[in-house]
Peer 1: 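Got a structure here, written out as structure tokens. Questions coming.
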Amino acid sequence: MRCVFNHHFKMTVPPMSEIRVRFAPSPTGYLHIGNARSALFAWLFARANKGTFILRIEDTDRKRYVQGAEQVIYESLRWLGLDWDEGPEVGGDYGPYVQSQRTDIYRQAAEALIESGHAYRCYCTPERLAALREEQQRRKENSQYDRHCRHLTEEERAVYEQAGKPSVVRFKTPLEGATTFHDYLRGDVTFENAGLDDLVLLKSDGYPTYHLANVVDDHRMKITHVLRADEWISSTPRHVLLYRAFGWEPPKFVHLPMILSPDGGKLSKRRGAVSLLEYRDRGYLPEAVFNFLALLGWSPGDDREKMSVEEIVSVFTLDRMSPKGAAFDETKLEWLNGQYIHELSTEDLLNRVAPLWRDAGFIEGDEMGAERDRLLSILTLLKERARRLTDFVEGARYFFEDPQEYEEKGRRKHWKKPDVGERLNALKDRLETLDVFNEEHLETALRGLAEERGISAAKLIHPARLAISGRSFGPGFFEMMEVLGKETVLRRLDRAMRVLIS
RNA sequence: GGCGCAUUCGUCUAGUGGUUUAGGACAUCGGCCUCUCACGCCGAAAACAGGGGUUCAAUUCCCCUAUGCGCUACCA
């Protein structure tokens with residue numbers, strides 16, 4: 001479609017924006033909520049600026065690689081609604097977009113740096129490095145590589161090479177001076193070069209480290225803005241140094257604040273950090289999660305809380321991002337999710353709840369016709385008190401099954417008076433006479449009965465609700481009975497009375 | 001330990017050198033509605049980390065301290 005458009009209006013089409021941003025996760029497991037939020041902001045920045053959003057898989061750590069993790073990443077992003085313009089499964093002009101398929105590129109880049117005198121081979125064994133670190137820590141010195149191999153003579157180097165000693169490629173970090181970079185949210189950040197290590201660029205297994213791969217790829221993929229979590233701030237001066245060594249212009253850096261656990265600490269598996277898809281499984285809607293995540297660190301500048309994706313895209317700017325880490329408060333997400341559920345059409349809601357009801361054994365196959373109408377009625381009754389899709393499972397159980405037990409609290413409160421059985425029986429007799437079993441007639445009948453007996457309607461409603469649903473709370477009593485139907489209501493009243501006697 | 005980043009109600013945040021008795025939302029508490037539970041509505045309580053400066057004036061600018069977080073790997 002874009003081609004057709006360009007063909008006919010070639011001269012009037014505004015030039016494509018230069019903005020290119022990427023999300024570059026590692027396939028080391030599920031996509032957790034913090035990464036998802038970084039992806040979301042990168043995506044928002046791209047979409048808000050008519051730029052290009054690129055997905056790149058950074059699978060250069062073979063030890064931590066988890067089989068199938070890429071698929072989980074794709075599924076997670078798609079669930080949240082973050083589509084990518086270039087990357088795995090969609091292609092693009094700067095591929096491949098999986099780093100393990102680009103090892104030649106990194107190797108050549110590392111070689112070039114050695115050639116130009118910006119990097120060197122290091123033959124130190126992991127054991128030597130570990131011992132060095134230990135010694136430095138014992139002496140309370142800063143642990144840093146001692147640059148042993150940086151000073152090797154040609155002869156020593158030749159000996160190692162001839163012996164086939166494994167090596168890594170290290171960057172020759174300048175020994176003096178300082179490196180400053182501009183962070184979009186924090187301004188200039190400066191690091192003393194002396195505090196930086198001679199970082200490893202190429203590992204002995206031939207794979208690049210993040211530092212090399214990320215710089216090389218961001219340059220080759222023409223990334224204009226690097227949006228990533230602020231845990232990368234201290235690595236950024238090294239990256240800037242690398243760009244300079246290559247003679248490349250660095251991109252703009254935007255370090256996004258991180259998500260904290262509710263108690264303020266780092267989000268970890270133990271403290272509420274769960275995968276994005278787990279939120280899906282716990283009954284959250286993608287639009288609610290999107291909205292919530294966007295408001296964690298960004299605000300529209302006014303009092304809006306519930307905002308659609310389109311709305312957010314239309315007003316999103318980096319300037320309104322906060323540099324401060326934010327605690328993930330699920331209570332508010334739950335509230336927001338409830339807002340979305342309440343506004344969903346019942347039809348839409350049914351499509352989302354049906355799979356859960358199928359799993360629970362409430363329904364089978366695709367429910368159509370009259371049965372579908374009944375399901376929609378049930379949802380109408382439950383909708384406004386639901387906050388998560390999963391609330392529709394236990395909350396709806398008694399619409400599909402007769403209650404097997406009666407809530408203890410309700411029994412104590414509504415069933416303890418000696419005349420309860422008699423009241424229920426009178427109600428049952430009255431309801432039996434109804435030809436039209438709808439909300440209006442039910443209410444008239446019950447209130448009429450209450451008046452005749454000189455008791456409040458509540459004296460009938462509460463015990464009967466417990467008898468019919470097994471619960472002391474729920475939707476309006478009369479509408480609930482209408483949806484349940486005469487036969488079911490009478491049967492359940494009977495059963496409850498038998499339980500009362502025993 | 002070193003280096004770096006951050007710091008407004010419990011939480012997410014708005015805000016400006018004087019217009020602020022610092023605004024909104026969630027949560028909390030109280031009330032209304034009501035057949036219960038929710039929803040909704042009304043109301044309450046709740047914050048500029050501390051100390052120095054700069055200034056006629058600082059929550060807003062600077063410095064220090066404290067606290068939190070991050071990095072300090074042949075992990076990303």
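By convention in this document, chain letters (A, B, ...) are assigned in the order of the sequence lines, proteins followed by strands, and residues within each chain are numbered from 1. Both backbone and side-chain heavy atoms feed into the values below; hydrogens, waters and symmetry mates do not.
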Peer 1: Between A:Lys63 and B:A76, is there a contact of a side-chain N or O with OP1 or OP2 at under 4.0 Å?
Peer 2: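 Answer no for this pair, as no side-chain N or O of A:Lys63 is under 4.0 Å from OP1 or OP2.
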Peer 1: Would you mind telling me which of B:A76, B:G1, B:G4 lies closest to the side-chain atoms of A:Asp61?
Peer 2: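 Within the option list, the nearest is B:A76.
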Peer 1: Just the rounded figure in Å: distance from C1' of B:A6 to CD1 of A:Ile233.
Peer 2: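 Rounded to whole Å, this separation is 9 Å.
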Peer 1: Please determine if a side-chain N or O atom of A:Gln136 lies less than 4.0 Å away from the OP1 or OP2 oxygen of B:A73.
Peer 2: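 So the side chain of A:Gln136 is outside the cut-off, no N or O lying under 4.0 Å from OP1 or OP2 of B:A73.
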Peer 1: Would A:Tyr106 and A:Asp217 satisfy side-chain hydrogen bond (donor to acceptor under 3.5 Å, both in side chains), going step by step from the backbone distance to the final call?
Peer 2: CA-CA 9 Å; A:Tyr106 310 122; A:Asp217 284 349; 2.6 Å; yes
Peer 1: Searching all strands shown, indicate the nucleotide that pairs with B:G43 (Watson-Crick or G-U wobble; both distances under 3.5 Å).
Peer 2: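 In the structure as shown, B:G43 has B:C29 as its Watson-Crick or wobble partner.
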Peer 1: B:G1 phosphate, OP1 or OP2: any side-chain N/O from A:Arg133 under 4.0 angstrom?
Peer 2: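 False: A:Arg133 side-chain N/O out of range (4.0 Å or more) of B:G1 OP1/OP2.
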Peer 1: With ring centroids as reference points, do A:Trp335 and A:Phe292 lie under 6.0 angstrom apart?
Peer 2: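 Not under 6.0 Å, so no.
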Peer 1: By the 4.0 Å heavy-atom rule, please label A:Gly297 as base, sugar-phosphate, or nothing.
Peer 2: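 Counting heavy atoms under 4.0 Å across all strands, the contact made by A:Gly297 is with sugar-phosphate only.
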Peer 1: Does OP1 or OP2 of B:U36 have a side-chain N or O of A:Arg471 closer than 4.0 Å?
Peer 2: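 Answer is no, no contact under 4.0 Å.
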Peer 1: What is the pairing partner of B:A14, taking Watson-Crick or G-U wobble pairs with both distances under 3.5 Å in any strand?
Peer 2: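 The base-pairing partner of B:A14, which may sit in any strand shown, does not exist here.
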Peer 1: Picking from B:A76, B:C74, B:C69, which would you name as closest to the side chain of A:Pro126?
Peer 2: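 Between B:A76, B:C74, B:C69, the one nearest the side chain of A:Pro126 would be B:C74.
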Peer 1: Would you say A:Thr209 places a side-chain N or O within less than 4.0 Å of OP1 or OP2 belonging to B:C75?
Peer 2: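 For B:C75, neither OP1 nor OP2 has a side-chain N or O of A:Thr209 closer than 4.0 Å.
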Peer 1: Without decimals, in angstroms, what is the distance between A:Asp329 CG and B:C12 C1'?
Peer 2: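 Those two atoms, CG and C1', are 7 Å apart.
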Peer 1: Using only side-chain N and O atoms of A:Ser322, determine if any of them is under 4.0 Å from OP1 or OP2 of B:U7.
Peer 2: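 Checking B:U7 against A:Ser322, no side-chain N or O comes under 4.0 Å of OP1 or OP2.
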Peer 1: Would you say A:Arg387 places a side-chain N or O within less than 4.0 Å of OP1 or OP2 belonging to B:A27?
Peer 2: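 Yes, because at least one side-chain N or O of A:Arg387 sits under 4.0 Å from OP1 or OP2 of B:A27.
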Peer 1: Rounding to an integer number of Å, can you tell me how far A:Leu333 CG sits from B:A27 P?
Peer 2: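 So the CG-P distance, A:Leu333 to B:A27, works out to 12 Å.
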Peer 1: B:A14, OP1 or OP2 - any side-chain N/O from A:Ser299 closer than 4.0 Å?
Peer 2: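 For B:A14, OP1 or OP2 has a side-chain N or O of A:Ser299 closer than 4.0 Å.
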Peer 1: Checking A:Lys252 against A:Tyr184: charged group under 6.0 Å from the ring centre and within 45 degrees of the axis?
Peer 2: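 Not satisfied by the 6.0 Å and 45° rule.
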Peer 1: Work out how far the P atom of B:A73 is from that of B:C48, and round it to whole angstrom.
Peer 2: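 Straight-line distance between the two P atoms is 39 Å.
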Peer 1: From the list B:U7, B:C69, B:C26, which nucleotide is the closest neighbour of the side chain of A:Lys324?
Peer 2: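 The answer is B:U7.
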Peer 1: Answer with yes or no after comparing the ring centroid distance for A:Phe45 and A:His225 against a 6.0 Å cut-off, counting only values under it.
Peer 2: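 Yes, ring centres under 6.0 Å apart.
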Peer 1: OP1 or OP2 of B:C35 sitting under 4.0 Å from any side-chain N/O of A:Arg447?
Peer 2: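 Answer yes for this pair, as a side-chain N or O of A:Arg447 is under 4.0 Å from OP1 or OP2.
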Peer 1: Searching all strands shown, indicate the nucleotide that pairs with B:U20 (Watson-Crick or G-U wobble; both distances under 3.5 Å).
Peer 2: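 Pairing partner: none.
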Peer 1: Rounded to whole angstroms, how far apart are OH on A:Tyr406 and P on B:U36?
Peer 2: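 That distance rounds to 22 Å.
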Peer 1: Between B:C74 atom P and A:Tyr65 atom OH, what is the distance in whole Å?
Peer 2: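 These atoms are roughly 24 Å apart.
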Peer 1: OP1 or OP2 of B:C75 sitting under 4.0 Å from any side-chain N/O of A:Lys203?
Peer 2: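 Yes, within the criterion.
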Peer 1: Is it the case that the ring center of A:Tyr145 lies less than 6.0 angstrom away from the ring center of A:Tyr120?
Peer 2: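 Aromatic pair excluded; centres sit 6.0 Å or further apart.
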Peer 1: Between B:U7 and B:C12, how far apart are the two C1' atoms, rounded to whole Å?
Peer 2: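 Their C1' atoms lie roughly 15 Å apart.
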Peer 1: Now, which nucleotide makes the Watson-Crick or G-U wobble pair with B:C74, with each of the two distances under 3.5 Å?
Peer 2: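 None - no nucleotide pairs with B:C74, as no candidate has both distances under 3.5 Å.
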Peer 1: Report the distance from atom CG of A:Leu185 to atom P of B:A6, rounded to the nearest whole Å.
Peer 2: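 Result: 9 Å.
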Peer 1: What about A:Phe253 and A:Trp232, are their ring centers closer than 6.0 Å?
Peer 2: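 No; A:Trp232 has its ring centre 6.0 Å or more from that of A:Phe253.
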Peer 1: Are A:Arg282 and A:Tyr279 in a cation-pi contact, defined as NZ or CZ under 6.0 Å from the six-membered ring centre and within 45° of the axis?
Peer 2: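 Positive - A:Arg282 is close enough to the ring of A:Tyr279 and near enough to its axis.
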Peer 1: Nearest nucleotide by nearest heavy atom, which residue falls closer to the 5' end of RNA chain B, A:Ala458 or A:Thr331?
Peer 2: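 Nearest-nucleotide comparison on RNA chain B picks A:Thr331.
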Peer 1: Any idea which of B:C71, B:C12, B:G24 is nearest the A:Ser234 side chain?
Peer 2: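 Given the options B:C71, B:C12, B:G24, the side chain of A:Ser234 is closest to B:C71.
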Peer 1: Who does B:G4 pair with, Watson-Crick or G-U, both distances under 3.5 Å?
Peer 2: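 Looking at the geometry, B:G4 pairs with B:C69.
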Peer 1: Pairing check on B:U60: which nucleotide meets the Watson-Crick or G-U wobble criteria with it, both distances under 3.5 Å?
Peer 2: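 Partner of B:U60: none.
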Peer 1: Can you check the A:Asp303 CG to B:C12 P distance for me, whole Å?
Peer 2: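 To the nearest whole Å, that distance equals 17 Å.
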Peer 1: Provide, to the nearest angstrom, the distance between the NZ atom belonging to A:Lys459 and the P atom belonging to B:C35.
Peer 2: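 So the NZ-P distance, A:Lys459 to B:C35, works out to 13 Å.
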